There are 2 protein chains.
Amino acid sequence: MTKPDLLIHAAFKLFYENGIHAVGINRILQETGVAKKTLYHHFASKEALLEAVLVYRDQTFMDWLTARMMAAGEGKLAVLALFDALDDWFHDRVEVLLPFKGCFFMKANGEFSDHIVNGLCQRHKQNITAFIQANLVGQVSKLAPADLAQSISVLKEGAIAQAYVAGDLNAAKRAKAMAVALFAEE
Amino acid sequence: MTKPDLLIHAAFKLFYENGIHAVGINRILQETGVAKKTLYHHFASKEALLEAVLVYRDQTFMDWLTARMMAAGEGKLAVLALFDALDDWFHDRVEVLLPFKGCFFMKANGEFSDHIVNGLCQRHKQNITAFIQANLVGQVSKLAPADLAQSISVLKEGAIAQAYVAGDLNAAKRAKAMAVALFAEE
DNA sequence: TTAAGGGGAGACCAATCGGTCTACTCTATG
DNA sequence: CATAGAGTAGACCGATTGGTCTCCCCTTAA
């Protein structure tokens, strides 16, 4: 593993578990055994490292989620598979995402305001919603695809938040049941 | 306004907008014009001040929410009023809660791990869920009151998260529509 | 064999962190 | 009037922050 990747992985783990401002550069160096000069050779600043971490997490998460959804089929099937994937995540059955500690982008977003980080977090969420919407065209629902995608996103965000702070590990199952209702023919 | 209250209000505003670790004691003092000695006369540490801030926000939020729900009626009416209240919050129509910047407890929780703060945040969420559940006994639904309260909480958390990071200010309306479906007779 | 150069270890820097302390003022009560 | 308590200003403390720089080793090529 290259030094930059090593730093990104370690930084993500520490940021995710302890918060971004709470973790100093020296802690990351100590954890990885990398020299300070090497870090600043590859990244201009802590902020630059953080941006790389956000990009890394965005790719890892999106790759995992899209793979899970596509594997389940198309349309409604893919969307409902999202909640099964979340359930696995909450129960720490997804190694590549590390032990569940909530949504990294929610946490990162909360530590900054009017900052590049906020834009990156918002974009990550928008990408997910857009992917959901892409799987919804032509589905039976009372809602238009765009509104339906937003509602699904509300359920997704709610499940993550509820599982994290309240420790309700079944939140994904509840959210899935509500998602099913959105597709009801009536 | 007493000095402690002044400090708590200012600290909350700064923590809420910028994150907790990102705001130093000196910044709070500068903003309030209070002397450092006075702060440490009333609070043992920054952590103690933070705890007071969390208690303050918990009370403010719960008082506002319960009042809004009770004013709307009982049972299902009260629960659905929750989402109307959220909608007002998202649109900055609730002065006492300050301009909407997401859930303070979610943000605070994300900046700590294995810390008193986490317990306080979890308790705040539990209090809300318990209050919701108390309004649900005897309501018509496919779900038991406890499960129904958890599902409503998922919708509530999702609406807040979605409104905050994605900037979807209509998230409360979407969540309300899904909540209505939970009470469907079928 | 030797010279050159890139990267690693970590000493070092100014700034800031949370927190303490001294010296002084104001106000309210006995 | 005297005294006590709450307040202010801000110097000061050690620790830690993000970031720079120097020294040295180790590889590589002539």
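Model, not experiment: these values are computed from the prediction. Each chain gets a letter, A, B and so on, in the order the sequences are listed, and its residues count up from 1.
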Under 4.0 Å between any heavy atoms, over every strand shown, what does K37(B) touch: base, sugar-phosphate, or nothing? Just pick one. base
Pairing donors with acceptors under 3.5 angstrom, does anything connect the side chains of K107(A) and Y164(A)?
yes
Output the rounded distance in Å from [atom1] ([X]) to [atom2] ([N]).
X	N	atom1	atom2	answer
Q30(B)	dC17(C)	CD	C1'	15 Å
E47(A)	dG19(D)	CD	C1'	14 Å
H41(B)	dG19(C)	NE2	P	17 Å
L39(B)	dG10(D)	CG	P	17 Å

The residue, A44(B) or H42(A), whose nearest nucleotide of DNA chain C is more 5′ is H42(A)
What protein N or O atoms touch nucleotides 14-18 of chain D N or O atoms at under 3.5 angstrom, if any, and at what distances?
from	atom 1	to	atom 2	distance (Å)
dG18(D)	OP1	K46(A)	NZ	2.7
dG18(D)	OP2	I25(A)	N	2.7

Answer yes if the ring centres of F104(B) and F15(B) are under 6.0 angstrom apart, and no otherwise. no
*Hey, is the side chain of T38(B) poking within less than 4.0 Å of OP1 or OP2 on dG7(D), counting only N and O atoms?*
no
Worksheet item: Should the pair D87(A)-R93(A) be classified as a salt bridge under the 4.0 Å nitrogen-to-oxygen rule?
Response: yes
State whether R123(B) and D58(B) are salt-bridged, where the test is any N-O pair (Lys NZ or Arg NE/NH1/NH2 against Asp/Glu carboxylate O) under 4.0 Å.
no
What one should report as the nearest heavy-atom pair of V94(B) and W64(B) is CG1-NE1, 3.3 Å
inquiry  = Is there a continuous path of hydrophobic side-chain contacts, each under 4.5 Å between heavy atoms, that joins V55(A) to F105(A)?
reply    = no
